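As structure tokens, the structure follows; a few thoughts come after it.
These figures come from a predicted structure and were not determined experimentally.
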Number of protein chains: 2
Amino acid sequence: MGEVKHLCLVKFKEGVAVDDVLKGMTQLVSEMDMVKSFEWGQDILNHEMLTQGFTHVFSLTFASADDLTSYMNHERHAAFAGTFMAALEKVVVIDFPVVLAKPPPLLPA
Amino acid sequence: MGEVKHLCLVKFKEGVAVDDVLKGMTQLVSEMDMVKSFEWGQDILNHEMLTQGFTHVFSLTFASADDLTSYMNHERHAAFAGTFMAALEKVVVIDFPVVLAKPPPLLPA
């Protein structure tokens with residue numbers, strides 16, 4: 001099994017300082033060596049019918065399922081997750097082995 | 001603005017031939033040059049409280065928002081999307097410019 005991703009779709013509660021949450025998450029994963037990479041984004045289409053109200057995506061990539069487990073069980077993740085979850089109105093979390101069905105071109109276009 | 005992702009979280013209707021849907025999607029994006037890369041995955045944690053019943057993730061990466069628009073407006077996407085949406089019990093779609101907060105290491109670990 002290759003890379004594993006930990007993906008969160010969230011809708012923040014009203015009044016939450018989203019920038020602070022983003023800073024905290026970026027800081028956390030930058031210091032956790034088992035996190036291979038981290039990207040996030042904010043929806044730009046705003047079709048409520050399609051987004052179901054979710055506004056942000058957070059995607060952590062791990063080299064293996066063991067690294068994901070190690071991250072999930074780390075006390076610093078647990079501490080952050082408590083604060084994070086309290087800031088959310090709703091959330092979906094999916095963890096999945098990555099199937100790269102169409103790889104990116106080797107050279108930048 | 002750099003890469004843009006088109007992300008779908010889905011729960012299929014009972015009885016849907018998921019493998020056929022996956023084959024159709026892989027075939028479609030492999031023939032659409034504006035799709036830079038395509039990956040998908042199936043949840044392995046199965047915590048209903050976290051997954052909200054969603055089981056699969058589909059993630060398409062585009063080099064630009066223009067490429068995403070070009071894909072969304074393509075007649076072949078429209079044809080596939082009709083069949084795809086009919087196979088789903090529920091779906092969330094998010095489109096977002098990628099913020100790469102922690103890039104992967106340059107060399108494989």
Worksheet item: Does Asp95(A) use its side chain to pair, donor to acceptor, with the backbone of Leu45(B) at less than 3.5 Å?
Response: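 Such a contact is absent between Asp95(A) side chain and Leu45(B) backbone.
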
Fill in: Lys102(B) side chain vs Lys36(A) backbone, donor-acceptor pair below 3.5 Å
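No, Lys102(B) side chain to Lys36(A) backbone: no donor-acceptor pair under 3.5 Å.
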
Discussion item. What I'd like to find out is whether the side chain of Lys90(B) reaches to under 4.5 Å of the side chain of Gln52(A), using heavy atoms alone.
Written reply: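 No, side chains not in contact.
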
Discussion item. Is the shortest side-chain heavy-atom distance between Pro97(B) and Ile44(A) below 4.5 Å?
Written reply: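 Contact flag for Pro97(B)/Ile44(A) side chains = yes.
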
Worksheet entry | Part of Met85(A) lying under 4.5 Å from any heavy atom of chain B |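 Looking at Met85(A), just its side chain touches chain B.
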
Discussion item. Taking atom NZ as the centre, does Lys13(B) end up with more than 12 heavy-atom neighbours from other residues, nucleotides or ligands that are less than 6.0 angstrom away?
Written reply: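 It does: Lys13(B) NZ has more than 12 such atoms within range.
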
Discussion item. Tell me whether the count of non-hydrogen atoms from other residues, nucleotides or ligands lying under 6.0 Å of CG in Asp33(B) goes above 12.
Written reply: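 It does not: Asp33(B) CG has 12 such atoms or fewer within range.
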
Worksheet entry | Gap separating the CH2 atom of Trp40(A) from the CG atom of Leu100(B), nearest 0.5 angstrom |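 Separation between the atoms: 12.0 Å.
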
Item to complete: Can you tell which part of Thr26(B) gets under 4.5 Å to a heavy atom of chain A, answering side chain, backbone, both or neither?
Response: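 Only the side chain of Thr26(B) comes within 4.5 Å of chain A.
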
Can you tell which of [options] has the highest number of heavy-atom pairs within less than 4.5 Å of chain A?
options	result
Val99(B), Leu50(B), Leu22(B)	Val99(B)
Leu60(B), Thr61(B), Val29(B)	Val29(B)
Cys8(B), Pro104(B), Pro103(B)	Pro104(B)

Discussion item. Test question: given the 4.5 Å side-chain rule for I, L, V, M, F, W and Y, name all other residues clustered with Phe96(A), or answer none.
Written reply: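 Taking Ile, Leu, Val, Met, Phe, Trp and Tyr as members, Phe96(A) shares its hydrophobic cluster with Leu7(A), Leu9(A), Phe54(A), Val57(A), Val92(A), Ile94(A), Val98(A), Leu7(B), Leu9(B), Phe54(B), Val57(B), Val92(B), Ile94(B), Phe96(B), Val98(B).
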
Return all side-chain donor-acceptor pairs below 3.5 angstrom for residues 74-81 of chain A, not counting sequence neighbours, or 'none' if the list is empty.
unit_1, atom_1, unit_2, atom_2, d
His74(A), ND1, Arg76(A), N, 3.0
Arg76(A), NH1, Glu31(A), OE1, 3.0
Arg76(A), NH2, Glu31(A), OE1, 2.6
His77(A), ND1, Met72(A), O, 3.4

